[in-house]
Amino acid sequence: LLLFLAAIPIQSKQRVIILTDISGPQQEPDDMESMVRLLLYSNELDIEGLIATSSCWRANDPVQPEIITKIVNSYGKVRDNLLKHAPGYPETQQLLNLVKKGNGNSMTAVGDGKSSAGSKCIIDAAERDDNRPLWCCVWGGAATLAQALFDVKNTRSASELETFIKKLRVYDLSGQDDAGAWICHTFPDIFYIRSQF
């Protein structure tokens with residue numbers, strides 16, 4: 001999806017938040033590789049959050065934002081070279097400021113008192129004064145997004161919740177926990193794509 005979004009000829013960049021169950025190379029190298037690829041075309045997108053999450057595949061593992069931080073710091077070492085080929089690559093510190101810890105695995109990690117830096121990041125981005133939609137790319141579990149929706153549902157008016165939902169575009173890779181199903185059943189008007197493989 002990210003390659004698709006970056007290739008669309010548009011006048012403004014697409015806004016994206018990444019939710020990733022990123023972990024060490026002995027466990028799941030795929031999201032580490034995806035994060036590197038994302039940063040290589042970060043000049044084509046407005047990245048508004050890099051959120052470490054969990055999934056059913058990593059239910060007993062800790063959420064690991066430090067791995068995102070390590071990859072972003074590596075990006076910082078090659079950013080000057082990337083800028084020789086194209087403008088607009090974000091400053092390393094700007095990306096580091098977007099690294100957040102999200103919720104754990106499944107709907108057991110969602111509810112009163114379970115807000116995370118990641119769920120707050122999603123709320124802040126969606127409520128920012130920006131007419132563009134906000135793509136939430138769910139590479140792992142969706143519990144952090146579910147927490148953001150839970151919090152908005154319980155702290156905002158019905159019209160504010162409707163506005164919030166209309167801003168979101170969710171791309172869920174494989175439904176890696178039960179939170180995606182909860183989101184779709186609880187908020188049937190949400191724009192939600194699930195890719196199955």
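All values below come from the heavy atoms of this structure, side chains included, with hydrogens, waters and symmetry mates left out. One is the number of the first residue; the rest follow in order along the sequence.
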(request) Sequence neighbours left out, what pairs pass salt bridge (Lys or Arg N to Asp or Glu O under 4.0 Å) with at least one residue falling in residues 167-177? (result) D172-R194

(message) What's the separation between atom CD1 in I122 and atom SG in C136, rounded to the nearest 0.5 Å?
(response) 5.0 Å

(message) Ignoring hydrogens, what is the shortest heavy-atom contact between W139 and S34? Give both atom names and the distance.
(response) CZ3-CB, 3.5 Å

(request) Mark yes or no for whether S42, through its side chain, and L39, through its backbone, hold a donor-acceptor pair below 3.5 Å. (result) yes

Enumerate, atom names and distances included, each donor-acceptor pair closer than 3.5 Å involving a side-chain atom of residues 82-95, sequence neighbours excluded.
unit_1: Y89; atom_1: OH; unit_2: L40; atom_2: O; d: 2.7
unit_1: Y89; atom_1: OH; unit_2: N43; atom_2: OD1; d: 3.4
unit_1: Q93; atom_1: NE2; unit_2: N97; atom_2: OD1; d: 2.8

(message) When you compare the side chain of I18 with that of L38, does any pair of heavy atoms fall below 4.5 Å?
(response) yes

(message) Can you give me the closest heavy-atom contact between A142 and G180, atom names plus distance?
(response) CB-N, 3.9 Å

(message) Test of understanding: with side-chain contact (heavy atoms from CB on, under 4.5 Å), list the residues that count as partners of S159, not counting sequence neighbours.
(response) S157

(request) Specify the closest pair of heavy atoms between C121 and G49, including all atoms of both residues, with the distance to one decimal. (result) SG-CA, 3.9 Å

(request) Sort and list the pairs that fulfil salt bridge (Lys or Arg N to Asp or Glu O under 4.0 Å) and have at least one residue in residues 98-118, not counting sequence neighbours. (result) none

(message) For F164 versus I123, what's the shortest heavy-atom pair and its separation?
(response) CE1-CA, 3.8 Å

(message) For a 4.5 angstrom cut-off between non-hydrogen side-chain atoms, does D31 reach I67?
(response) no

(message) Please enumerate all residues that pass side-chain hydrogen bond (donor to acceptor under 3.5 Å, both in side chains) together with T186, with sequence neighbours excluded.
(response) W182

(request) Name all residues meeting the side-chain contact (heavy atoms from CB on, under 4.5 Å) criterion together with T69; count only those two or more places apart in sequence or in a different chain, and write none if there are none. (result) N73, L96, V99

(message) Once side-chain contact (heavy atoms from CB on, under 4.5 Å) is applied, do any residues pair with R132, and if so which ones, sequence neighbours excluded?
(response) S12, K13, R15, D46, E48, D130

(message) As a quick check of understanding, evaluate side chain to side chain contact (heavy atoms under 4.5 Å, CB included) for V72 and L98, giving each step before the final call.
(response) CA-CA 10 Å; V72 171; L98 299 175; over 6 Å; no

(request) Without swapping roles, check the side chain of T53 against the backbone of T20 for a donor-acceptor pair under 3.5 Å. (result) yes

(request) Hey, could you give me the CE/OH distance between M35 and Y75, rounded to the nearest 0.5 Å? (result) 13.0 Å

(message) Measuring from atom CD1 of I22 to atom CG of D30, what distance do you get when rounded to the nearest 0.5 angstrom?
(response) 9.0 Å

(request) Identify the heavy atoms of L168 and F191 that sit nearest to each other, and give their distance. (result) O-CB, 3.6 Å

(request) Identify, with sequence neighbours excluded, every residue that meets side-chain contact (heavy atoms from CB on, under 4.5 Å) alongside E66. (result) Q64

(message) Evaluate I165 against L149 for side chain to side chain contact (heavy atoms under 4.5 Å, CB included), listing each step before the verdict.
(response) CA-CA 8 Å; I165 289 170; L149 286 159; 4.1 Å; yes

(message) Donor-acceptor pair, distance only, cut-off 3.5 Å: does the side chain of N103 make one with the backbone of A109?
(response) yes

(request) For residues 155-165, pull every pair meeting salt bridge (Lys or Arg N to Asp or Glu O under 4.0 Å), keeping only residues two or more places apart or in separate chains. (result) E127-R156, E162-K166

(message) Please report the interatomic distance CH2(W135) to CG(L45), rounded to the nearest 0.5 Å.
(response) 11.5 Å

(message) Nearest 0.5 angstrom please: S54 OG to Q176 CD, how far?
(response) 9.5 Å

(message) Filter on salt bridge (Lys or Arg N to Asp or Glu O under 4.0 Å), then keep only pairs touching residues 138-154, sequence neighbours left out; what's left?
(response) none

(message) To the nearest 0.5 Å, what is the distance between CG on L145 and SG on C137?
(response) 11.0 Å

(request) Indicate the atoms forming the closest heavy-atom contact of A143 with G104, along with that distance. (result) CB-O, 3.4 Å

